[in-house]
Enquirer: 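After the structure tokens below, expect a handful of questions from me.
Start at 1 and go down the list; that is how both ligands and their atoms are numbered. All values reported here derive from a predicted model rather than from experimental measurement.
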Amino acid sequence: MTKIKNFKMFIDGEWVDSESGKTIETLNPENNEVWATVPEASTKDVDKAVKAAQKAFENSWANLHPRDRAKYLRVLADQLRINAEHLGTIETKDTGKIFKETKTQASYIAEYYDYFAGLADKVEGTVVPIDKPDMQVTTTRIPIGVVAAIIPWNSQMLLTAVKLAPALAMGNTVVIKASELAPVTLLEFAKLIEKSGIPRGVVNIITGLGEPCGKALTTHNLVERIAFTGGPETAKHIIKNSAENLSQVSLELGGKSPVVVFNDAEQENALNGITAGIFGASGQSCIAGSRLYIQSEIYNEFLDKLVAKAEKIKLGAPMDKDTQMGPLNSFKQLENIEKNIKATVEQGGIIRCGGKRSSISNKGYYFPATIIECENHNLPTAENELFGPVLSVMKFDTEEQAIKLMNDNKYGLSSGVYSSNLGRSMRVSKAVRAGIVFVNTYRLISPMAPFGGIKDSGYGKEAGIESIKEYTRIKTTWYNSSDKPMTDPFTMG
Ligand code: NAD
């Protein structure tokens with residue numbers, strides 16, 4: 001029997017329970033056992049956190065020189081590197097993602113804080129070439145205020161970093177709401193916020209349900225910016241919520257990312273990239289390359305090789321060093337995947353490998369690498385975001401057809417092209433309607449590379465130079481350089 005650990009939230013520099021005393025139990029995806037409880041924040045707790053952030057914004061953080069804010073971010077980056085192993089262990093327990101990945105990611109995330117620390121003092125204003133001779137007009141970038149960051153259950157550390165680092169660098173203060181499905185990692189991360197000496201109230205981390213906690217946060221009248229990552233249905237609530245406080249919103253949503261393999265692709269490279277793209281993190285990645293189009297001449301040969309590779313993927317306990325794919329995060333997800341596969345098979349889909357929940361554990365949410373041949377991409381597994389290790393495969397003949405198929409889905413987050421023909425790669429990557437295109441590679445991230453989608457995958461960019469400006473507003477200042485008094489507006493002639 002697992003010993004249950006009880007965690008607290010981090011509000012105004014203090015470790016607190018919810019004012020109601022209510023808690024949320026969190027399950028270990030490996031064995032379906034409760035391993036921790038976290039506070040269930042009420043609207044009162046949200047109000048406390050937002051007011052603390054507002055006070056910190058006005059009293060200290062926004063007024064610090066950017067270079068001084070950057071110093072704190074660099075200390076936080078060092079803390080992440082020192083504690084990567086611990087954070088990786090917690091994230092693995094929280095999410096079921098394999099330790100090899102969570103540990104590496106925790107350490108790499110330090111780079112995001114260093115990157116935005118470096119940018120903090122490089123965001124400049126302008127002098128406007130104004131059309132009035134006695135006037136000088138300047139623009140400056142000012143912080144927005146209190147930012148509400150809403151985080152999904154997967155890759156919480158990364159999805160927090162891409163919001164928190166630029167927000168802090170620019171002088172905003174932040175209230176982060178962790179996902180109820182994996183809430184502990186960010187509470188452990190809050191300990192590093194405390195250690196890095198960031199003034200109290202500047203970063204607050206709360207745990208709670210979508211409603212009332214998420215709703216109370218995104219409708220709060222002191223919140224001026226909402227940075228959301230999650231599913232498209234929740235995003236619709238977020239937009240409605242933002243109508244209450246008229247805050248600026250960015251949305252990083254789901255995907256059904258297409259990957260195309262041409263006859264001339266370097267096959268070993270394509271096989272590795274496709275495998276990483278859909279089976280990495282058990283397919284629970286927003287950029288998962290879950291629709292695969294293979295050119296007809298190589299279709300059978302390439303698909304056979306891909307199936308052979310997928311069948312060898314080792315499913316197992318996420319802390320084991322040999323494990324290549326861990327469990328899914330929740331039983332609900334497993335059931336949704338099964339439902340979509342069943343419907344696809346009923347409509348003619350052919351399962352080439354996987355397709356059924358694994359018997360390696362009767363308690364954990366294990367699902368094997370699955371490949372399904374689909375006659376067309378209107379079948380459920382080929383059309384819907386499943387957030388699981390399920391690849392739907394289809395055939396195409398021409399480049400024009402490939403482009404049409406790639407673009408025929410409501411999402412537009414990521415995409416992939418495998419070809420050794422440079423001209424073709426360039427044409428396809430230009431034509432594909434997605435926020436990200438990987439050419440002869442897949443599943444890479446960097447603080448320097450903007451990340452985000454188009455169409456139903458949302459709007460706003462995270463990471464990269466431009467993203468820091470999304471945490472600022474422009475202030476326009478008019479200076480009158482004339483010694484003469486202004487003319488009386490009511491004197492005629
Ligand atoms: P989700 O939309 O169910 O939940 C995301 C967050 O929103 C959670 O913290 C939840 O509590 C909160 N929430 C729910 N209802 C709310 C409300 N009414 N008001 C305010 N907050 C509310 O998403 P999930 O299941 O945790 O994550 C999976 C989804 O996230 C997938 O669709 C995936 O593609 C997407 N995702 C996108 C990216 C990206 O960068 N584009 C990255 C990771 C995940």
Side-chain angles (χ1 to χ4, degrees), residues 24 26 29 38 40-41 43 46 94-97 105 148-163 175-183 185-186 205-220 223 226-245 247 249-257 280-290 328-334 336-337 384-388 409-414 434-436 443 445 449-464 467:
I24 304 172
T26 179
V38 298
E40 188 196 321
T43 51
V46 170
D94 230 4
T95 63
K97 279 172 84 169
Q105 213 178 49
I150 309 282
I151 311 295
W153 70 264
N154 72 315
S155 301
Q156 308 107 301
M157 299 281 294
L158 170 69
L159 299 169
T160 296
V162 290
K163 299 169 179 62
V175 179
I176 299 165
K177 185 194 113 39
S179 163
E180 58 273 42
L181 295 175
T185 311
L186 290 181
I205 304 190
I206 59 175
T207 46
L209 304 175
E211 289 193 27
C213 172
K215 186 172 178 188
L217 179 58
T218 48
T219 52
H220 199 289
V223 165
I226 302 171
F228 172 77
T229 302
E233 287 312 310
T234 317
K236 291 178 188 162
H237 290 286
I238 299 287
I239 294 168
K240 282 186 197 141
N241 296 351
S242 73
E244 298 289 321
N245 53 18
S247 48
V249 179
S250 58
L251 303 171
E252 290 290 349
L253 312 179
K256 189 70 194 173
S257 300
S282 300
Q284 301 167 110
S285 155
C286 51
I287 57 169
S290 53
L328 300 173
N329 176 254
S330 70
F331 188 57
K332 203 170 137 208
Q333 238 172 283
L334 187 129
N336 183 44
I337 288 170
N384 305 328
E385 184 189 40
L386 299 185
F387 226 55
N409 186 276
K410 67 177 184 173
Y411 292 109
L413 183 53
S414 179
I436 304 162
R443 203 164 183 255
I445 51 161
F451 185 99
I454 58 172
K455 293 160 67 179
D456 281 14
S457 295
Y459 45 78
K461 285 281 173 190
E462 295 192 324
S467 75

Enquirer: Is any side-chain heavy atom of Q156 closer than 4.5 Å to one of D94?
Expert: yes
Enquirer: Using heavy-atom distances, let me know which of G255, S179, G230 sits nearest atom 35 (C) of ligand 1.
Expert: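 Going through G255, S179, G230 one by one, G230 has the nearest heavy atom to atom 35 (C) of ligand 1.
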Enquirer: Report the member of A148, A288, G231 with the shortest heavy-atom distance to atom 23 (O) of ligand 1.
Expert: G231
Enquirer: Does ligand 1 have a heavy atom under 4.0 Å from the side chain of E211, from its backbone, from both, or from neither?
Expert: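 Just the side chain.
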Enquirer: Is ligand 1 under 4.0 Å from a heavy atom in the side chain of L217, in the backbone, in both, or in neither?
Expert: neither
Enquirer: Going through the checks in order, is the side-chain contact (heavy atoms from CB on, under 4.5 Å) test met by I337 and L328?
Expert: CA-CA 10 Å; I337 288 170; L328 300 173; 3.7 Å; yes
Enquirer: Heavy-atom pairs closer than 4.0 Å: do any link ligand 1 to the side chain of I150, the backbone, both, or neither?
Expert: side chain
Enquirer: Counting only heavy atoms, tell me which of P232, C286, G208 gets closest to atom 42 (C) of ligand 1.
Expert: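 Answer by nearest heavy atom: C286.
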Enquirer: Quick one: look up the protein heavy atom nearest atom 33 (C) of ligand 1 and list residue, atom name and how far away it is.
Expert: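 I find the closest protein heavy atom is F387 CE1, 3.3 Å.
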Enquirer: Taking only residues two or more places apart in sequence, or in another chain, which ones meet A227 in a side chain to side chain contact (heavy atoms under 4.5 Å, CB included)?
Expert: K163, R225, S250, Y471
Enquirer: If you measure from each non-hydrogen atom of E233 to ligand 1, which part falls under 4.0 Å: side chain, backbone, both or neither?
Expert: neither
Enquirer: Ignoring angles and geometry beyond distance, decide whether L253 reaches within less than 3.5 Å of ligand 1 through its nitrogen or oxygen atoms.
Expert: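 N/O-N/O distance below 3.5 Å exists for this pair.
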Enquirer: Should E180 be counted as touching ligand 1, given the test is an N or O pair under 3.5 Å?
Expert: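 Such a contact does occur with ligand 1.
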Enquirer: Just verifying a value: how many Å separate T229 OG1 and I238 CD1, rounded to the nearest 0.5 Å?
Expert: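 One gets 10.0 Å once the value is rounded to the nearest 0.5 Å.
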Enquirer: Can you tell me which portion of H237 lies within the under-4.0 Å heavy-atom range of ligand 1? Options are side chain, backbone, both, or neither.
Expert: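 It is the side chain that gets close, since no backbone atom is under 4.0 Å.
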Enquirer: Are any of the N or O atoms of N154 closer than 3.5 Å to those of ligand 1?
Expert: no
Enquirer: Where is the nearest protein heavy atom to atom 17 (C) of ligand 1: which residue, which atom, and how far?
Expert: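 Its nearest protein heavy-atom neighbour is G210 O, 3.6 Å.
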Enquirer: Does atom NZ (K215) have a neighbourhood of more than 12 heavy atoms from anything else shown, all under 6.0 Å?
Expert: no
Enquirer: Can you tell me how far NZ of K177 sits from CZ of F228, rounded to the nearest 0.5 angstrom?
Expert: 9.5 Å
Enquirer: Geometry only, no angles: is E385 polar-contacting ligand 1 at N/O separations under 3.5 Å?
Expert: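 N/O-N/O distance under 3.5 Å: yes.
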Enquirer: Mark the output for I151 as yes if a heavy-atom distance to ligand 1 is under 4.0 Å, and as no if none is.
Expert: yes
Enquirer: Judged by atom type as modelled, is there a donor-acceptor pair below 3.5 Å linking the side chain of S457 to the main-chain atoms of G254?
Expert: yes
